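Data block below; observations after.
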There are 2 protein chains.
Amino acid sequence: MADKVTIADVARHAKVSRQTVSNVLNSPEVVREETRLRVQEAVQALGYRVSQAARQMRTGRSMLIASRIEPAQDDGINGFVFDRYLHGLTESAARAGYRVLLYTADDHDAELATFDDLLGVHEPDAFVLTSTDYGDPRTTRLLELGIPFVTFGRPWGVPPERRYPWVDVDGAAGTALATRYLLDAGHRRIGFLGWPGGSGVGDDRRAGWARALADAGAGPAEIAELDHRTDDGVPQGEAAAHALIDAGRPATALVCVSDSLALGALQAGRRIPVIGFDDTPVARAVGLTSVRQPITEVAASCVSILVRLLDGDARGRGAAGREREQNVGGRQDAGSGGSASPLREAPPEQVLHQPTLVRRQSA
Amino acid sequence: MADKVTIADVARHAKVSRQTVSNVLNSPEVVREETRLRVQEAVQALGYRVSQAARQMRTGRSMLIASRIEPAQDDGINGFVFDRYLHGLTESAARAGYRVLLYTADDHDAELATFDDLLGVHEPDAFVLTSTDYGDPRTTRLLELGIPFVTFGRPWGVPPERRYPWVDVDGAAGTALATRYLLDAGHRRIGFLGWPGGSGVGDDRRAGWARALADAGAGPAEIAELDHRTDDGVPQGEAAAHALIDAGRPATALVCVSDSLALGALQAGRRIPVIGFDDTPVARAVGLTSVRQPITEVAASCVSILVRLLDGDARGRGAAGREREQNVGGRQDAGSGGSASPLREAPPEQVLHQPTLVRRQSA
DNA sequence: TTGAAAGCGTTACCAG
DNA sequence: CTGGTAACGCTTTCAA
């Protein structure tokens, strides 16, 4: 049908120069209103769309945000959260004029290689990283390359001088919420089914439970007694629940680090209250009360951080901008007059979202 | 670091012309082996990557496959299945040199609008559509536009003359598999928990169960008696299971159209065998026997069909190729000599994958 | 087989 | 604000 309408067609139709059309598109405020309207009308009439490929050649910006899609795990429960994240990311990105480009990688090394490939070929403007862990090589690499990125997940164990922007959910606040809920219901001996120490996320969630218990007057010894650690999984949850419930001084309620463990605890058969984490379909299916992460908001924060980074960053990696500045501590001209504005060392943005408790029959 | 190495750099390094480099990349067989090796060495040494943007300007091909990411919901394609699909698609696409571009849309109209937007701006080479339903307007539109696409899901209710390529899983075979498994275990009265009629997927799965039962000698009346229909959901499954089990002549085993319904049936408390559909994490968690769809293979088929379509289709939508031919019935030159080979009306490819039964405690 | 030139649609830079 | 020109990196056409 419409045979690829170019900017020249629009210019002809609106009786202006190509440059003016470009201006209307990129910096509308510089064009007189009358002209601008005429051009916009022509754009509408002709159904003009900027060719991303051509634009990218000039500006070096692809309007692409790359994100890894993780394989659905065997426990799969995490997959649900990830799915919501990806959907939210795609939606928020679209609102800001960006699209999400997917890639896979089996491990960190493969992902580093994919970075090179992607950056060479499709040249995404930014990355969103998920499942960051201790000493994650990916952030270091992107920092070196000067490619804007955010992580969904805090930089566990990263030294303060090597900071980067991140978005996360306050897991400790979530378990604290759950614990306080049980405390309010009259429980005192509230056990915690958690993962083995060493996982940032798991330790964080345990800390929230421990804090709430301590706030309620529990001593360190009692807390240690109620703290059970095991690998993730339903059978593991069942076994762990038995251990805590059948103890000399049994737990009367349980907070769990995941819905998998919580489901196992539920299957242990005792009728004590159980609260899970992530509000997965499983939870909904079996009526499990669970802590819900505001994933859509997380995704939106990721995008808005990236957009701010990309807009404040006029360089344009591809064509013109030869020099590549570091992302952190980049210049930020505040629009002051002629003289150079003083450099401002803006700290990377960090957003911590608060989870909520979804109450169902299990507690 | 490496300041955007171009094809000219490679040419200089290998002491050949730019053109020769381009040839090595695009049609290696046309260049002498010695030269080719030297060029490839230079590519390696310099870490050259073709710029997709530049290539796209000339060829009109973006090497992008667009797919909608559905919001994680309980209905429609199960979130878990969808996740595996997307992951498989990304992986297969990467192997073929393509990347997956995500988009969202709340309904069909919004999706049609997104088609225009996407095709105007990022110009994906093809689409993969999921969750196709009766009278789906999306396939019609893409057919009109002449954009290559495949659907994951058969064209339910589409007239034969308006065919397009699709990939699907044989749901009827899956439920038949499950039913025969129960028959072999000695069961005769095997109930089916299905969705209300009118959904292609649901009807298909019911048909497989009914066929297996009929093959085993059950009469139409008995089959109707054992056929229970309800909306998807765990509570619905529980209620439906009760209805079938507490009937005058009770069912002694159940085949279900989804894991949700199966989970409900399990919760109904009777200890009769239950088989679900989709092998979701829930199934694994509670030990539910379930029919598993070979999603990775589905995704791979989607990609290979698209690749075949795109490679056989030399046009290149963007720059050069003005005319846009219809996808269906396109020319396919079989490499015969000088004279024009006869037009061959190649029927769109259609692949039906077979599911498997994952046995667990529930049956 | 190889080399030179043109052109894809944009944006950036210039003088008017 | 307009118009002209250059450039981005690549593929294609045409000559050598």
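Quantities reported herein were computed from a predicted structural model and do not represent experimental measurements. Naming: A, B, ... by sequence-line order, numbering from 1 per chain. These numbers come from the heavy atoms of this one structure, side chains and all, not from hydrogens, waters or symmetry mates.
- Within residues 22-32 of chain B, the residues that have a heavy atom under 4.0 Å from DNA chain C are, in order of number, Val30(B), Val31(B), Arg32(B).
- Look at CD on Gln56(A): it is 16 Å from C1' on dA7(D), rounded to the nearest Å.
- In this structure, the CG atom of Leu37(B) is 16 Å from the C1' atom of dT1(C), given to the nearest Å.
- Atoms CG (Asp9(B)) and C1' (dC10(D)) sit 13 Å apart, rounded to a whole Å.
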Report each atom pair, protein N/O against N/O of nucleotides 4-7 of chain C, whose distance is under 3.5 angstrom.
unit_1 : atom_1 : unit_2   : atom_2 : d
dG7(C) : N2     : Arg58(B) : NE     : 3.0

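- Using cut-offs of 30° and 60° for the angle between ring planes, the Phe127(B) and Tyr103(B) rings count as perpendicular.
- From one end of the helix from dT1(C)-dA16(D) to dG16(C)-dC1(D) to the other, with five pairs defining each end axis, the axis direction shifts by 40° (rounded to 10°).
- Arg36(B) comes within contact range of no nucleotide atom at all, as no heavy-atom separation falls under 4.0 Å.
- Rounded to whole Å, atom C1' of dG9(D) lies 13 Å from atom CZ of Arg12(B).
- His122(A) has its NE2 atom 15 Å from the C1' atom of dG9(D), to the nearest Å.
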* Check against side-chain hydrogen bond (donor to acceptor under 3.5 Å, both in side chains), Thr20(B) and Ser17(B) -> CA-CA 5 Å; Thr20(B) 306; Ser17(B) 72; 3.1 Å; yes

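- Protein atom CD of Gln52(B) is 16 Å distant from nucleotide atom P of dG9(C), rounded to whole Å.
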